[in-house]
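Data block below; observations after.
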Amino acid sequence: MTTSMKLLYFAWLREKAGVGEEDIQPPAGVATVAQLVDWLVARGGGYAEAFGDRKVVRVAVNQEYVSLDHPVAAGDEVAFFPPVTGG
Amino acid sequence: MTTSMKLLYFAWLREKAGVGEEDIQPPAGVATVAQLVDWLVARGGGYAEAFGDRKVVRVAVNQEYVSLDHPVAAGDEVAFFPPVTGG
Amino acid sequence: MIRVQKEDFDLGAELKALTAGNHAVGGLCSFVGLVRDVSGGGGAGGETVGAMTLEHYPGMTEKELSRIEAEARERWPLDATLIIHRYGRLEPGDQIVLVAAASAHREAAFEACHFLIDFLKTKAPFWKLENTPGGGQWVDARSTDAAAAARWTPSPGKAAE
Amino acid sequence: MIRVQKEDFDLGAELKALTAGNHAVGGLCSFVGLVRDVSGGGGAGGETVGAMTLEHYPGMTEKELSRIEAEARERWPLDATLIIHRYGRLEPGDQIVLVAAASAHREAAFEACHFLIDFLKTKAPFWKLENTPGGGQWVDARSTDAAAAARWTPSPGKAAE
């Protein structure tokens with residue numbers, strides 16, 4: 001049974017975070033997207049910059065749009081990206 | 001200088017009138033589309049049937065939509081047809 | 001550009017030509033009308049249609065289509081517009097009409113394209129004769145077409161946003 | 001049908017295939033988005049754009065496009081729908097996206113097509129990076145796109161008429 005979480009970053013969030021994809025093992029206190037972001041920001045560097053303005057960050061858990069208070073758990077795929085600009 | 005008027009009929013107006021195109025010489029009293037229609041209806045037969053319900057007849061003088069009180073004169077091209085159904 | 005013709009048209013080639021070489025175009029909206037095998041005219045409808053014949057008023061047709069196209073280009077910032085309408089005998093599945101509008105922005109392209117077909121439906125002098133098993137039947141004008149065209153009449157500024 | 005691909009698509013062939021053999025279709029509305037050579041992103045814009053790179057989220061992209069297509073087919077009586085979206089490097093004039101809807105009636109085709117692109121613009125996970133002379137620039141989301149999508153949200157019945 002996996003205990004890790006897969007994180008994905010797209011567009012300028014990827015550039016700022018300095019990573020496109022990573023497997024992480026968040027501590028027990030990380031139960032929501034917001035807590036996950038807090039934990040990432042605490043790592044400093046690119047993460048702090050990527051999440052500088054959380055209002056513009058979109059989140060998908062297991063490829064579904066969610067809000068910051070959505071739960072996260074081991075095995076989840078969590079993606080962070082800016083508002084979409086396709087079409 | 002021409003003294004005749006060219007009349008055109010389309011779709012079921014053509015079928016009812018029994019003519020698609022004709023050159024006519026209306027009498028002096030015919031100064032408007034309505035008067036022209038009165039004169040045609042008075043000829044009886046297909047014309048009376050074609051113009052049985054004037055509300056559904058559309059008129060163009062010189063290829064511009066007009067109403068029944070629009071003037072007509074020698075040299076004009078006057079067309080009668082049902083509401084359009086293209087597209 | 002407007003064209004009134006008996007022949008079929010190549011949809012892909014027509015649309016390609018509209019934007020070819022113009023890199024200011026961001027969106028191209030088009031609408032194609034096709035012959036249905038089910039009667040959609042007034043009345044009960046639902047009767048099977050074999051073929052139809054489109055009659056028009058040569059001369060006035062071109063004038064009206066040009067006028068409709070010019071009005072669209074006045075209302076919206078368009079890079080290209082196209083109206084092609086066929087006449088003569090058409091079979092189910094055949095293309096009847098193509099309207100298209102290209103613009104820097106998609107809203108203008110959509111609205112102009114919609115305007116073109118709505119106005120064409122109520123102004124261009126075409127008449128459809130459906131060949132049904134019961135004989136030829138002139139299609140009745142639909143009140144919904146008049147309503148659709150009426151949406152655009154209030155003021156040129158309304159829909160241009 | 002939805003497709004996410006790097007390669008270009010043949011607009012005419014795609015549209016033809018949508019209605020081929022289905023004589024119940026009366027109207028086909030389509031929209032093609034093209035790469036403009038002028039920056040249309042947020043901010044001042046107007047800068048010349050050489051090429052752009054479209055990034056997307058494989059997996060979620062297909063899910064969102066399928067969901068948008070399914071919602072359109074639920075809202076309107078449609079015979080066929082198509083969404084094709086490209087990713088990767090694109091040059092000015094290149095086709096980016098095609099959405100199309102075919103229906104017995106033109107209002108349904110128009111509204112569904114409009115809905116498809118409006119929803120795609122705000123929901124499908126694509127991001128545009130413009131290569132400007134000053135370097136790469138991520139395109140900002142436009143508030144007008146959010147407003148355009150919001151038009152469709154009140155109630156499914158609203159626009160279906």
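By convention in this document, chain letters (A, B, ...) are assigned in the order of the sequence lines, proteins followed by strands, and residues within each chain are numbered from 1.
Distance check: D:Ile83 CD1 to D:Glu69 CD gives 5.5 Å after rounding to the nearest 0.5 Å. Between D:Leu90 atom CG and D:Asn131 atom CG the span is 10.5 Å, to the nearest 0.5 Å. Atom OG1 of residue D:Thr81 and atom CG of residue D:Leu18 lie 7.5 Å apart, to the nearest 0.5 angstrom.
Remark: aromatic rings of D:Trp152 and D:Phe119 are distant, center separation not under 6.0 Å.
Residue D:Lys63 touches chain A through its side chain alone, counting heavy-atom pairs closer than 4.5 Å. Proximity to chain A is limited to the side chain of D:Arg67, based on heavy atoms less than 4.5 angstrom apart.
Considering every non-hydrogen atom in both D:Leu78 and D:Ala101, the closest pair reads CD2-CB, 4.3 Å.
Both tests do not hold together for D:Arg73 against D:Trp76: distance to the six-membered ring centre under 6.0 Å, angle to the ring axis within 45°.
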Less than 3.5 Å apart, which donor and acceptor atoms pair up between the side chains of residues 79-87 of chain A and the rest of the protein, not counting sequence neighbours?
unit_1, atom_1, unit_2, atom_2, d
A:Thr85, OG1, D:Lys128, N, 2.9

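Among residues 44-65 of chain A, the residues having any heavy atom closer than 4.5 Å to a heavy atom of chain D are, in sequence order, A:Ala60, A:Asn62, A:Gln63, A:Glu64, A:Tyr65.
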